[in-house]
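Working notes, beginning with the structure itself.
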Amino acid sequence: MDAGYPAGPNTRQIRARCCVVGGGPAGMMLGYLLGRAGVDVVVLEKHADFFRDFRGDTVHPSTLQVMDELGLIDGFLKLPHQDIRTLDGMFGGTSVRIADLRRLSVKYPFIAMMPQWDFLNYLRESGKRFPSLKVLMKAEATDLIRRGDAVAGVHANTPDGPVEIEADLTIGCDGRHSIVRERAGLDVEEIGAPMDVLWFRVGRRPDETENLFARVEHGKMMVTFDRGDYWQCAYVIAKGQYEAVKARGLPALLDDVLRLAPILKAGIADVKSFDDVKLLTVAINRLTRWTRPGLLCIGDAAHAMSPIGGVGVNLAVQDAVATANILAAKLVHGVPSEDELDAVRRRREFPVRVTQRMQVIAQNNIISAALKAGDQPVPLALRLITAMPWLQGLTARMVAVGVRPEHVHSPAAG
């Protein structure tokens, strides 16, 4: 349930077994799972709501399976969404098929395109039946509480003044710019990415239909998603070239967009200025160590992913499931040691490394080639995948199911 704030300038203290910092996919799923297990848990979300544009909206079969195992799938699929069953593209005028989810032997062989705020709100509302779960909105973590070498909770700011959340375990789920990992002094290994992404939306008319995912032409690349009443667009640029794009001017950018995707012509006027364009600085990195005594980082706070494949949301959910599987029963009765916390890294690091390696391969062999000036041949990998349908099933499994998917084994309190 949500917790209120008392009036007054004095620092308030809250005691919890576990404090989860960040109300994104990792944080809200973990909060739900720990609350379900009867763990006294507080989730901190710094914003007043979950409504923010340009967050990952792809809910993959691995996450749909988790929702099914929690008994949440029926209500979830009643929320507005679009199903994606194939990933098709156009590379220099040649049609390519990147993945075919219909070839997967899974219960939900599709990607559900759903605004992330709907997903997070659904988890929040569903978790209100657990008395041990509290979600604090407008609560921004600012620092860690320490007891000797151990982390003992967090300091946070709220509209009604500062709060100290004393917790036996603090879990950082606060994204790639994590204040938790920064304050903990955890080292980040940068892997690198050759591109950044410009996100924007364009209005869609009811009669506009096109099942293209990726578009490449003359050294330019864009991804589009049909979101019902609008197109979600991701225009790929070379790393660090945003200022050069702005210097060319918005009309030049929109001309490039329309050459790639003529179907956007009717709604392109929705992009009125660069204020309507969001820069996503792409990073691939991971922590060399995910823990301190009393502290664990998961999700993007532990490993930032490229937007390639839209896997970030789903890896975050997988981390949350694994964390609850490993730690929930221990948290009901006591405090896990750092070695027990590190079991989460030992479980999740291999899937993370493999996924990031596949993203790097895609960057180096497909995206870097697509961003080179002039016409480029269709990369051999794409030609082979398009020609061999069974390979489309393999790429679908890598993107939509991932490496060693997690299943819910954490307890449900009686």
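The chain is numbered in sequence order, starting from 1. Just so you know, these numbers come straight off a predicted model, no measurement behind them.
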- Between the main-chain N or O of Thr386 and the side-chain N or O of Gln392, is there a donor-acceptor pair closer than 3.5 Å? yes
- Would you call Arg124 and Glu45 a salt bridge, using N to O less than 4.0 angstrom? no
- Message: Here's one to test your reading of the geometry: is the NZ or CZ of Arg201 within 45 degrees of the ring axis of Tyr230 and under 6.0 Å from its centre?
- Response: yes
- Nearest heavy-atom pair of Pro61 and Ala400: which atoms, and what distance? CD-O, 3.3 Å
- For Ile179, all residues meeting side chain to side chain contact (heavy atoms under 4.5 Å, CB included), sequence neighbours excluded: Ala141, Asp174, Glu182, Arg183
- Query: Between Arg346 and Asp342, does at least one N-O distance fall below 4.0 Å, as a salt bridge requires?
  - Reply: yes
- Task: Measure up the Phe274 and Tyr242 rings against each other and bin them: parallel (under 30°), tilted (30 to 60°), perpendicular (over 60°).
- Result: perpendicular
- Expected output: side-chain Arg181 to main-chain Leu287 donor-acceptor under 3.5 Å: no
- Presence of salt bridge, Asp168 and Arg15, under 4.0 angstrom: yes
- Query: Any idea how His81 and Phe110 line up, ring-wise: parallel (<30°), tilted (30 to 60°), or perpendicular (>60°)?
  - Reply: parallel
- Message: Would the distance check show the side chain of Arg289 and the main-chain N or O of Thr291 forming a donor-acceptor pair, the cut-off being under 3.5 Å?
- Response: yes
- Message: Under a 3.5 Å distance rule, please check whether Asp100 uses its side chain to pair with a backbone N or O of Thr86 as donor and acceptor.
- Response: no
- Item | Backbone of Gln116 reached by a side-chain donor or acceptor of Asp57 within 3.5 Å | yes
- Message: Taking Val216's backbone N and O only, do any of them form a donor-acceptor pair with Lys220's side chain (distance below 3.5 Å, no angle check)?
- Response: no
- Answer yes or no: is there an ion pair linking Asp229 with Arg204, defined by an N-O contact shorter than 4.0 Å? no
- Output, in order, the C-alpha distance, side-chain angles, deciding distance and verdict of side chain to side chain contact (heavy atoms under 4.5 Å, CB included) for Tyr235 and Phe200. CA-CA 8 Å; Tyr235 186 86; Phe200 56 94; 4.0 Å; yes
- Task: Taking Arg292 for its side chain and Gly185 for its backbone only, find out whether a donor-acceptor pair lies under 3.5 Å.
- Result: yes
- Would you confirm whether Asp276, through its side chain, and Ser273, through its main-chain N or O, come within 3.5 Å as a donor-acceptor pair? yes
